[in-house]
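Each remark here refers to the structure printed beneath this line.
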There are 2 protein chains.
Amino acid sequence: MLSSTVENYLKELFLLNPDGETQVATGELAKALSVTPGSATSMIKTLAQAGLVEHRPHYGVKLTNEGRTLAVHVVRRHRIVELFLVNILGMDWSEVHDEAEQLEHVVSDQVISKMDDLLGHPTHDPHGDPIPTPEGTLPVRSLQPLSFCKLGDTVSIARIGNQNTSFLKFAEDNGLLLGATIKVANKNEVADSITIISKGEEVVLGLAAAGRIEVEFA
Amino acid sequence: MLSSTVENYLKELFLLNPDGETQVATGELAKALSVTPGSATSMIKTLAQAGLVEHRPHYGVKLTNEGRTLAVHVVRRHRIVELFLVNILGMDWSEVHDEAEQLEHVVSDQVISKMDDLLGHPTHDPHGDPIPTPEGTLPVRSLQPLSFCKLGDTVSIARIGNQNTSFLKFAEDNGLLLGATIKVANKNEVADSITIISKGEEVVLGLAAAGRIEVEFA
DNA sequence: ACAATCCTTTTGATTAATCAAAAGTTTAAT
DNA sequence: ATTAAACTTTTGATTAATCAAAAGGATTGT
């Protein structure tokens, strides 16, 4: 059985590099997991030993097929739990990420399967992130960051890629919910901001924040 | 925040000595937790340091009020989770104990409270064990072990104090469910067995097993 | 080509939890 | 009252995960 720590390293490697195409830098991984680079190096060596990652010292690290499979399962557990907490237990989507972060390491496959049934085999979690199937397949959508939209574009929100509680509360308060249709009312590269119309109200966002909201054309 | 290990030690001390009247022996605690006596001693010293238990070396150990409060909360989480897994997720009562054993350490109070709402503020878990209130109070019932019943007694099953999966499956298969009314058809102290009639069928149990089934007079 | 800088890796220490086995207490039996 | 048996505690080691800080590569600028 994998420790929670190992599961977190694998999951984070997957999230930082979902396609498995690039190498993830030790420092990037360390930062994502809030550990020192030295800790990351030593865990990477352990994972490489176990055949879960491929490590090219000083260049980076990448999941093996085996590691990727395990990582995807952790992600599946996380996202099903999140949706369950929101849809069945009635929790707020801004709160469930941290809770799921704990639960993902202890819920059994059987519990996940029961939750999945109860939820009606959903394809996306409350933040719009795809839920991997039990076999490890991920539904793919072609989304673009809101920050790439042009003046006048009318789009619908498909994903919020920022799990921060306060940001999610802000999004909720301003009607920036999954499926909401919004229109770009202004965009100012110099001022680093974008203005959108959501439910008749103007909302101004910095481009960095808008980059973490993904949309599709309606 | 308490580690899972600490929570398990506290929980087990509570289960071995719910009234806090006697002292629990180091060896007894060690056995219940499947650790060596030496490990138990060293953890007991840590807990005593933290003010969660009172340790009289060579005599035994006992929860302090603070330790008891924490232990009761762990038990509450465990039992709510168990009932949730059975009533909401549709799992079999014989399977939920081990699952709850993991979940009890990571579910937040908020999740427990939502589960509690959804379950309608239950007082007992699927095995008939009382669920402590959020304030730490335990409902009390006066039950007696089935093994104490006399020939001809008609009683209803109120608690199954054996969490072993195979035993629970056996109980289920023989109609020995909570609330079931049974009658003692035979009792043989020499043969160490008791025979009961459950749903018209005779079921023979050893007295040790019958001792872990608790009943109340109908 | 040579530093300066920026990462990464190594080294040595620490903490929580555990075990095996030695040493120490208590209890019970003769 | 001594000794044996049973239990508890201590000791010394081990493992997983971490950190701080030293040492080692790689990259870039001049």
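Remember, it's a predicted structure, so these values are computed and weren't measured experimentally. Only heavy atoms go into these numbers, but all of them, side chains included; no hydrogens, no water, no symmetry mates. So that the names make sense, note that chain A is the first sequence line, chain B the second, and so on, each numbered from 1.
Using a 4.0 Å cut-off, some side-chain N or O of T26(A) falls inside it from OP1 or OP2 of dT9(C). For S3(B) and dA17(C), the shortest distance from a side-chain N or O to OP1 or OP2 is below 4.0 Å.
We find that E7(A) and R77(A) are joined by a salt bridge, their nearest charged nitrogen and carboxylate oxygen being less than 4.0 Å apart.
Mapping H58(A) and T41(B) onto DNA chain D via the closest heavy atom, the residue that lands nearer the 5' end is T41(B).
The nearest whole Å value for the distance from the NZ atom in K31(B) to the C1' atom in dT18(C) is 20 Å. Protein atom NE2 of H105(B) is 16 Å distant from nucleotide atom C1' of dA16(C), rounded to whole Å. The distance between atom CD1 of I44(B) and atom C1' of dC7(D), rounded to the nearest whole Å, is 12 Å. What separates CD of Q23(B) from C1' of dT25(C) is a distance of 16 Å, to the nearest Å. Atom P of nucleotide dT10(D) and atom CE of M43(B) are separated by 15 Å, given to the nearest angstrom.
Side-chain atoms of E54(B) and T64(B) form no donor-acceptor pair, as typed in the model, at a separation below 3.5 Å. Side-chain contact, H127(A) with H97(A): no donor N or O sits under 3.5 Å from an acceptor N or O. Defined by atom type and a distance below 3.5 Å, a donor-acceptor pair is present between the side-chain atoms of N17(B) and T22(B).
Among the nucleotides dT10(C), dT18(D), dT9(D), the one closest to any side-chain atom of K45(A) is dT10(C). For Y59(B), the listed nucleotide lying nearest its side chain is dT26(C); candidates were dT26(C), dA20(D), dT18(D).
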